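Okay, structure first, notes after.
None of the values given here were measured: they were computed from a predicted structure.
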Amino acid sequence: MNLTNVQQAAFNLIQSDARFLYAIVDILNNAKRINSNYIMMCQPYIGVFANGAEQWCRKVGLNAPKFTPDEKLYYDNLRQGHKIFEDTYENFSDKLLKYLIQSDSYFYNNLSSIEKTLDYYNVGTDLCNGEFCGNTIICMINTPIQIIENKDAGNYIKNISVIAGKLANFFKCTELPTYKYDDINNLVTFKDYHFYNNCPLKLKNNFSFVLFSVLCNINYIIEFIDKYFVDEIPQKLKFAYLQYYYLCDFIKNLNDFNGSNYVLDTSLKNRNFRNCIAHYGLGQFMENSDIIETDILKGLTYKAFNMDYISTKQLLYKYLKDLTQQIKSDILL
């Protein structure tokens, strides 16, 4: 079928996310120096792609693979992970503590009597070049099924991920070059800790763990995705913006609740831009004449912010890095 300029631009953006998914799998199969939960931290963005691509194809009448009812429910829930900071500070803190207690109980109960008298691990963290880029509690929150004490979780996730691969293949991502990644100059690894007995936090409390999780979520993009992938791919701005959009209100709520004064510049918050990159619904914001074929995001940043892609990304990253520096100086040893 013939697509309008706006629809073709949306198709190209979906295709770029399909290429990213293919690159993530290529890393799993071929990279040698990466050892972390990077795929689990990426789950919400895989959900954004699969859920958005399947719905978009239905709307424009493309004969793409379609979800079963179980797949629809799973990917509807999976994509919600990119809204992890849409919650209030209090609710998010309670959720983190709930899963931390669950993780602690699981690892403690699997120890011998002697081991229980010693220190043990209850949280795994991911690092890229020494920067914290993820933790297992966030991964638990983002996964739509129970993964602790669920022996079938791995197989279930593997099987239900097949539809995401089929959607990526529909957008012919395998016919394009794999996004280049640097497996030589980046050290991606993990380190396990016992929160709060033996962990990298100055203050051993829930507030610090919330801030630590904010840091991990931001760093997953600005330290791991941005540095590990060689080329300037749209996901570097897209994923960062999806975090930024919800953090704008979350940080204010966090400050109000705790009497803290963390600063995040909110001048780039734009609902129309967020909707376009989260749902591929360019038609509600862009006209055919707005599309710039040669632009990484097809003209979206010009339309929303009157800036090119690079300028927008640099400003966005500055705002996020300013926040992470404030958090690091307060919470990390």
Side-chain angles (χ1 to χ4, degrees), residues 13 15-46 48-49 82 123-136 138-139 142 168 173-193 199-200 212-244 277 295-297 301 308-329 331-333:
L13 292 179
Q15 186 180 59
S16 74
D17 283 344
R19 290 177 69 188
F20 180 81
L21 176 58
Y22 184 73
I24 288 291
V25 175
D26 191 81
I27 292 167
L28 177 66
N29 293 331
N30 298 308
K32 305 299 183 186
R33 299 185 71 243
I34 184 168
N35 187 11
S36 77
N37 283 308
Y38 73 94
I39 287 185
M40 295 305 293
M41 285 296 294
C42 197
Q43 287 292 300
Y45 308 112
I46 295 173
V48 168
F49 157 72
H82 85 277
V123 176
T125 67
D126 304 321
L127 298 101
C128 180
N129 303 320
E131 299 286 347
F132 289 105
C133 295
N135 70 64
T136 52
I138 293 175
C139 295
N142 286 340
C173 67
T174 57
E175 297 179 11
L176 298 169
T178 303
Y179 283 143
K180 297 177 184 177
Y181 52 87
D182 185 352
D183 190 42
I184 303 298
N185 300 303
N186 292 290
L187 179 61
V188 185
T189 185
F190 71 92
K191 186 172 178 58
D192 295 330
Y193 292 99
C199 68
F212 180 72
S213 296
V214 171
L215 178 70
C216 288
N217 242 48
I218 297 173
N219 278 352
Y220 181 73
I221 299 114
I222 68 174
E223 296 295 341
F224 171 60
I225 298 294
D226 190 55
K227 292 180 172 61
Y228 197 75
F229 285 87
V230 176
D231 298 323
E232 193 55 60
I233 58 176
Q235 290 72 30
K236 292 183 177 184
L237 188 153
K238 173 177 177 172
F239 296 170
Y241 191 85
L242 291 175
Q243 290 302 309
Y244 166 83
I277 61 174
D295 181 62
I296 297 176
L297 280 180
T301 60
D308 60 32
Y309 170 92
I310 293 297
S311 298
T312 305
K313 184 200 167 195
Q314 288 175 342
L315 191 57
L316 174 64
Y317 272 48
K318 179 187 183 303
Y319 293 165
L320 290 173
K321 287 180 178 180
D322 286 348
L323 177 62
T324 60
Q325 289 305 311
Q326 296 169 58
I327 292 173
K328 285 169 62 177
S329 67
I331 70 168
L332 293 185
L333 293 171

Nearest heavy-atom neighbours spanning I277 and V48: O-CG1, 4.3 Å

Could you tell me whether the side chains of Q243 and Y220 share a donor-acceptor contact shorter than 3.5 Å? no

How far does CD1 of I296 sit from CG of L13, to the nearest 0.5 angstrom? 11.0 Å

Heavy-atom distance under 4.5 Å between the side chains of S213 and N135, does that happen here? yes

Expected output: side-chain Y38 to main-chain L28 donor-acceptor under 3.5 Å: yes

How long is the gap from NZ on K321 to CD1 on I218, to the nearest 0.5 Å? 12.0 Å

For the CG atom of L315 and the CD1 atom of I310, what is their distance to the nearest 0.5 Å? 13.0 Å

Pairwise side-chain contact, M41 with N217, heavy-atom cut-off 4.5 Å (strictly under): yes

Please round to the nearest 0.5 Å and tell me the distance separating atom SG of C42 and atom CD1 of I225. 5.5 Å

How far apart are the closest heavy atoms of D308 and T312, and which atoms are they? O-OG1, 2.8 Å

Closest non-hydrogen atom pair, K236 against D226: NZ-O, 2.9 Å

Mind checking whether Y228 and Y181 have parallel, tilted or perpendicular rings, split at 30° and 60°? parallel

Is there side-chain contact between K328 and F132, with heavy atoms separated by less than 4.5 Å? no

K191 (side chain) donor-acceptor with T125 (main chain) under 3.5 angstrom: no

Residues N37 and D126: closest non-hydrogen pair is N-OD1, 2.9 Å

K32 and D183, any side-chain heavy atoms less than 4.5 Å apart: yes

Should we count CZ of F229 as having more than 12 external heavy atoms under 6.0 Å? yes

Spatial distance of atom SG (C133) from atom CG (L215) [nearest 0.5 Å]: 8.0 Å

Of all heavy-atom pairs linking C173 and Y22, the shortest is SG-CB, 3.9 Å

With heavy-atom distances below 4.5 Å as the criterion, would you say the side chains of Q235 and Y45 are in contact? no

Below 6.0 angstrom between ring centroids: does that apply to F49 and F20? no

If we only count heavy atoms from C-beta on, is the L176 to Q15 side-chain gap below 4.5 Å? yes

CG/N219 to CG/N129 distance, rounded to the nearest 0.5 angstrom? 11.0 Å

Establish, yes or no, whether the cationic atom of K313 lies under 6.0 Å from the six-membered ring centre of Y309 and within 45° of the ring axis. no

Should R33 and L187 count as side-chain neighbours, where that means a heavy-atom distance under 4.5 Å? yes

Just do the side chain to side chain contact (heavy atoms under 4.5 Å, CB included) check on T324 and E223 with the steps written out, would you? CA-CA 11 Å; T324 60; E223 296 295 341; 6.0 Å; no

Tell me the closest heavy-atom pair linking P234 and L297, and the distance in Å. CB-CD2, 3.8 Å

Steps toward side chain to side chain contact (heavy atoms under 4.5 Å, CB included) verdict (I221, Y244): CA-CA 11 Å; I221 299 114; Y244 166 83; over 6 Å; no

Measure the shortest side-chain to side-chain distance between I138 and C216 over non-hydrogen atoms and say whether it is less than 4.5 angstrom. yes

